[in-house]
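These notes are about the structure you will find just below.
Note that ligands are numbered from 1 as they come in the structure, with each ligand's atoms numbered from 1 the same way.
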Amino acid sequence: MGKNLAQKILETHLISGRLILDHDIAIAIDQTLTQDATGTMAYLQFEALGIPEVRTKFSISYVDHNMLQAGFENADDHRFLQTFTAKYGIFFSKPGNGICHQVHLERFAKPGEVLLGSDSHTPNAGAMGMIAIGVGGLDVALAMAGEPFYIKMPEIVLVKLKGKLPPWVASKDIILELLRRFTVRGGVGKIFEFGGPGVRLLSIPERATIANLGAELGATTTIFPSDENTLEFLKAQGRRKDWVSLEPDKDAEYDQVIGIDLHELEPLMAQPSSPDKVSTVREETGKAVKQVCIGSCNNSSYFDLMSVAKILKGKKIHPDVNLTITPGSKQVFEMIARNGALAILISAGARILESACGPCIGMGQAPPSDAISIRTMNRNFPGRSGTPEDQVYLASPYVATACALKGSIADPRRLGMKPPRIPMPPKFLIDDSLILPPASKPEKVVIERGPNIKPLPLRGPLEDFIEGSVILKVGDNITTDHILPAGARVLPLRSNIPAISKHLFERLEPHFFKKARELGGGFVVGGENYGQGSSREHAALAPMYLGIKAILTKSYARIHRSNLINFGVLPLTFKNPDEGSRIQQGDHLRISHLRSSLERDDLLQIENVTQKRIVEVSHGLNTREREILLAGGLLNFIRERRKS
Ligand code: MIC
Ligand code: SF4
């Protein structure tokens, strides 16, 4: 039987288990990446393991999220990261060097390798023919310590691309089409592997746009073959030696095959406030637009910004529009500065931002009230931009630029010009001077810890009896942005769990923190796909810190479920989904003989004391996950294992 691409890479990294759907597997990790907002915790966790140096082939720490230095906190965290990485054998990409996924694609992603990153858009590197998975910081810490990564073998879905994209239709529209078909939970437990003749027509940055937004499907990852286009890109990055050819076998088998006829696509956009609320630009045309933001780890490449410059050349943006443009990396920034494209963007009226996440994560550029913001980003979850009741649409750079010119939602096909063609430069501008290698004398490095960096809280072993009230009941598709918001106010507290916990669930229930404190913890009830979106483990650490013992839902997003287990919070699902509507906020719940029940069976019985009824829940934990929970979390589990 022929092998698909994902199987080929997983097979060469398999440490235990079999590559059979839903079987537990452990895989070896070649590379890790962290960004600053998840990195400080990941490195504190790594430190707690007491290992002198990382055991991966390559590990890197990027600084791109917490870039607004309105107080000492972020700058202190940057110093911590710089000194920590120097000491432990990790590369450090300085603030200003760019957004982690863009820089990683340019400089480090390697066909055939496996990358684990503490950011949900790590699959961006799948464009380069690698298995790249987004996880919580603790999973990255363990990978740096040489531990394998554990996962259930995902379903492999072949997305067969046929034909050619019509003019003004971008690769963003391909992934928006997939989001329309699959929704934000349709990809859970799946790897999307792209193939078919249409793939050959997509450049690496175009593939990255698709791979990046695969995270919005809830997918484990997305992967493309490593072919001539990959070689061309790597050569231009001066990395010819990193190329290997990687294709699925001709008779490769897949769990599912779907097709997209590229020539049938048209410009699409995701309406507020979910990446899967997809409509055609045609349907939305004419609505007034007040802000356009081009950039983020999605659509901030040299090709994207050159296209924007070509369209804007000699024109001015609409007077009612604020246009921001973020080059994805120093490489992109410097190249457009040197070739004059930057001058075109400035002259058209754009506000140029530094190479960082910026508006994507609410670090500035919150849009005005009651106004439409068009963004080339990957997430438009409610309030993420920093403005409550925001109206953020996601679209390609073509659409975004057309909107900036018109002052309303506009179809780029009506711009009255030919779409720009940006050839691959024979050589990108290569200057890695902002990427610092680890210290040659690590023993001399003193780690700088500012007062914002507080020790990592841990819980003890799982109790045999837990009880408490349902402090909060929420609906379907709750994102980690709902659970623990980001933005300029909260992000600087990422290294300080006691402080950040005050913001837990604040968007849904402003008194959550106070209630949790008064009640000494309790339970949270959710719906389908609970915890979608970001990999931030703070959305599990803060509930643990406030005494939340278990979450009860209909289903979970992959990364958040692992994060809950890693920090000793039980992720339970209702056996009968109707129970989700019966259970009420305020109900008092009790679970007895928890430890022995967990060891015995998949089902647990919860006593709803208020309603005087028994609720059956399933934990769906495998043996390892059960042991982690019994130990009170992954760090306790690993330490116990190392002692014995
Ligand atoms: C995001 O896009 O939501 C983030 C911010 O990059 C997160 C990571 C974080 O919360 O620090 C992600 O995607 O994992
Ligand atoms: Fe940064 Fe936004 Fe990309 Fe997350 S999605 S890594 S916040 S640019």
Compute the shortest N/O to N/O distance between [X] and ligand 1 and return yes if it is under 3.5 Å, no if not.
X: Ser118; value: no
X: Ser535; value: yes
X: Ser120; value: yes

**Item:** Side-chain donor-acceptor pair present, Arg375, Asn380, cut-off under 3.5 Å
**Value:** no
**Asked** Do we see a donor-acceptor contact under 3.5 Å between the side chains of Thr122 and Asp119?
**Response** no
**Complete:** Only one of Asn378, Ile99, Leu105 passes side-chain contact (heavy atoms from CB on, under 4.5 Å) with Asn124, and that residue is Leu105
**Asked** When the ring planes of Phe84 and Tyr43 are compared, do they come out parallel, tilted or perpendicular, using 30° and 60° as the limits?
**Response** tilted
**Prompt:** Once the angle between the rings of Phe46 and Tyr88 is folded into 0 to 90°, is it parallel (under 30°), tilted (30 to 60°) or perpendicular (over 60°)?
**Reply:** perpendicular
Atoms in ligand 1 flagged as close to [X], the criterion being non-hydrogen separation under 4.0 Å:
X: Asp119; result: 4 (C), 6 (O), 7 (C), 8 (C), 12 (C), 13 (O), 14 (O)
X: Ala37; result: 11 (O)
X: His121; result: 2 (O), 13 (O)
X: Thr38; result: 9 (C), 11 (O)
X: Ile361; result: 5 (C)
X: Arg384; result: 1 (C), 2 (O), 3 (O)

**Closest candidate by heavy atom, reference atom 11 (O) of ligand 1, pool Arg536, Arg494, Met41, His65** = Arg494
**Fill in**
shortest atom 8 (C) of ligand 1-to-protein heavy-atom contact is with Gln35 NE2, 3.1 Å
**Message:** Does this structure show an ion pair linking Arg489 with Glu73, if we count only N-O contacts that are shorter than 4.0 Å?
**Reply:** no
**Message:** Less than 4.0 angstrom from a charged side-chain N to a carboxylate O is my criterion; do Lys330 and Asp431 meet it?
**Reply:** yes
**Request:** Any chance you could lay out the side chain to side chain donor-acceptor pair (under 3.5 Å) test for Gln237 and Arg107, step after step, and finish with the verdict?
**Result:** CA-CA 7 Å; Gln237 290 286 354; Arg107 308 302 304 140; 3.1 Å; yes
**Item:** Total protein N, O or S atoms, atom 2 (Fe) of ligand 2, separation less than 2.8 Å
**Value:** 1
**Asked** Does Val392 offer a backbone N or O that forms a donor-acceptor pair with the side chain of Gln271 under 3.5 Å?
**Response** no
**Asked** Should the proximity of Met363 to ligand 1, defined as any heavy atom under 4.0 Å, be assigned to the side chain, the backbone, both, or neither?
**Response** neither
**Asked** Which is it for His538 and ligand 1 at heavy atoms under 4.0 Å: side chain, backbone, both or neither?
**Response** neither
**Fill in**
Correct closest heavy-atom pair for Pro571 and Leu564 would be CB-CD1, 4.1 Å
**Prompt:** Which ligand 2 atoms does Arg384 reach within 4.0 Å, using its non-hydrogen atoms?
**Reply:** 2 (Fe), 5 (S), 7 (S)
**Prompt:** Got Leu178 and Ile175 here, is their nearest side-chain heavy-atom distance under 4.5 Å?
**Reply:** yes
**Prompt:** Any side-chain heavy-atom pair from Ser562 and Val135 closer than 4.5 angstrom?
**Reply:** no
**Item:** Lys94 atom NZ, neighbour heavy-atom count above 12 within 6.0 Å
**Value:** no
**Message:** At under 4.0 Å between heavy atoms, is it the side chain or the backbone of Asp64 that contacts ligand 2, or both, or neither?
**Reply:** neither
**Within reach of ligand 2, part of Arg375 (heavy-atom separation under 4.0 Å)** = neither
**Request:** Taking the six-membered ring for Trp and the single ring otherwise, decide whether the centroids of Tyr530 and His560 are under 6.0 Å apart.
**Result:** yes
